[in-house]
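Have a look at the structure below before the remarks.
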Amino acid sequence: MNQQYGTEKELVVMLHGGAGPQDPSAEGIARAVKALRKIGHQARKALLENEDVIEVATSCLMKLESDPQFNAGYGSALQNDGIARLSASLMDGRKQVFSGVIAASYLKHPSLLSKSLQKRHAKVLSPPGTELLARELGIPVQSNITERRSKKWLKSLDEASYPSDFSDVSDTVGCVIRDLRGHIVAASSTGGRGNEYPGRVSDTATVAGNYASKYAGIAVTGHGEQITDDAVAARLETRVRDGMALEEANSKTYLEALKRKRRYGWIALNKTGWAIAHTTKFMPYVVLNQKGIVAEFKLQSES
Ligand code: GLY
């Protein structure tokens, strides 16, 4: 099922591990969903203990950034000069304030700097400001290059098609939460598509890839250029804000994406429910309410 909906008027935690996982085997997908489930339960518990929703969303992303099976933070895809350039963003729906970092190579947690930028004048930052500010604020810096990613990049140098494009590697991570007070937050983090031209910027730190207001929150994953062209997150939010039911807005946006042969997906919620859609074959995700898991990605059998 590439589209799903649910009614949920109280707490909702949604997490995705990217449309186009690094390891699309059944084991790889199961591992990704298991990691999302664990982080989702921790988030649910923290919210029930009254922890601030922005802190909870950031903590979800930090955990995903630390797990090298996901393309965010440590273990991110490398651009075709062998350097990781990470982007992340956070949008506080109550204030309708967006903040983010773009193409930062040495942040351990791009999502942590995105959160700090909520309170600063410059809300979206790129290098050299990203690492400078991280050092000023005591936010850890590190190299995010893993051996596995290095080997993959070195192999690509030998390929006749260099610089090739790992067109299915765009497994951004994302999280959308509505707490018990109805406060909506959306957050995303990515290592990009992999093997891109140096300095290529993803959709993740734009309002096409991540958006939240008091009406809705959306985190998008997949082919960044297509997501930007379609302004996916902002478009879906506008539909909901202008009165369209979430289910209808989701379905309309999904059908448009199918018609354009797009390769992306999203998690979304409004005041009364949640929705998922992906045009890609895979998009590991989980949805939780205050009691536990209400939906998660399942591999469909080939027939
Ligand atoms: N959506 C992530 C990227 O295209 O970089």
Side-chain angles (χ1 to χ4, degrees), residues 14-22 24 32 61 64-65 69-91 98 100-105 107 110-111 114 124 126-127 130 144-145 149 152-153 156 163-176 186-211 217-236 253-254 257 260-268 276-285:
M14 306 179 81
L15 296 166
H16 76 73
Q22 285 183 59
L61 283 204
L64 293 165
E65 286 168 349
Q69 75 174 300
F70 297 108
N71 178 18
Y74 183 66
S76 279
L78 307 181
Q79 295 199 328
N80 69 27
D81 57 352
I83 294 185
R85 292 186 179 83
L86 320 181
S87 294
S89 65
L90 173 77
M91 189 147 182
F98 183 94
V101 306
I102 289 185
S105 296
L107 299 178
S111 58
S114 293
V124 181
S126 65
T130 41
N144 287 301
I145 301 179
R149 290 291 194 183
K152 194 166 181 172
W153 176 70
S156 78
S164 63
D165 182 16
F166 302 144
S167 57
D168 270 333
V169 183
S170 49
D171 41 339
T172 305
V173 298
C175 153
V176 185
S188 295
S189 183
T190 192
R193 294 183 64 197
N195 227 19
E196 318 102 303
Y197 198 83
R200 177 262 182 186
V201 170
S202 102
D203 61 289
T204 300
T206 75
V207 294
N210 197 65
Y211 201 88
I218 302 105
V220 192
T221 165
H223 192 303
E225 285 71 13
Q226 296 179 356
I227 295 167
T228 305
D229 287 346
D230 296 349
V232 180
R235 177 185 298 230
L236 192 39
T253 311
Y254 175 66
R260 294 183 186 124
K261 300 194 174 11
R262 299 314 209 189
R263 299 191 53 71
Y264 55 66
W266 61 83
I267 52 177
I276 304 260
H278 53 99
T279 62
T280 51
K281 187 169 175 193
F282 307 109
M283 189 181 84
Y285 64 80

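Computed from heavy atoms alone, side chains included, the values below leave out hydrogens, waters and symmetry copies. All ligand and atom numbering here is 1-based and tracks the order in the structure.
- Heavy-atom contacts of Arg193 reach the following atoms of ligand 1: 3 (C), 4 (O), 5 (O) (cutoff under 4.0 Å).
- Residue Thr172 has at least one heavy-atom neighbour below 4.0 Å for each of these atoms of ligand 1: 1 (N), 2 (C).
- Remark: ligand 1 and Ile227 share no N or O pair separated by less than 3.5 Å (distance only, no angle test).
- Checked against a 3.5 angstrom limit, the closest N/O atoms of Arg200 and ligand 1 fall inside it.
- Judged by distance alone, with hydrogens and angles left aside, the side-chain atoms of Arg235 form a donor-acceptor pair with the main-chain N or O of Asp230 at under 3.5 Å.
- A heavy-atom separation below 4.0 Å is not found between Thr221 and ligand 1.
- Without hydrogens or angle criteria, Trp153 side chain to Asn80 main chain gives a donor-acceptor distance under 3.5 Å.
- Side-chain contact between Leu78 and Ile145 is present, with at least one heavy-atom pair separated by less than 4.5 Å.
- At a 4.0 Å heavy-atom cut-off, ligand 1 touches Asp203 through the side chain alone.
- Using a 4.5 Å cut-off on side-chain heavy atoms (C-beta onward), Arg262 and His223 make no contact.
- Nearest heavy atoms, Gly191 versus Glu196: O-OE2, 4.4 Å.
- In the vicinity of Gly192, heavy-atom distances shorter than 4.0 Å reach the ligand 1 atoms 5 (O).
- For ligand 1, the atoms closer than 4.0 angstrom to any heavy atom of Thr190 are 2 (C).
- At least one donor-acceptor pair closer than 3.5 Å links the side chain of Asn71 to the backbone N or O of Ala77.
- Interface of Gly222 with ligand 1, defined as ligand atoms under 4.0 Å from a residue heavy atom, comprises 1 (N), 2 (C), 3 (C), 4 (O).
- Listed for the Glu65 side chain is a donor-acceptor partner under 3.5 Å among the backbone atoms of Ser111.
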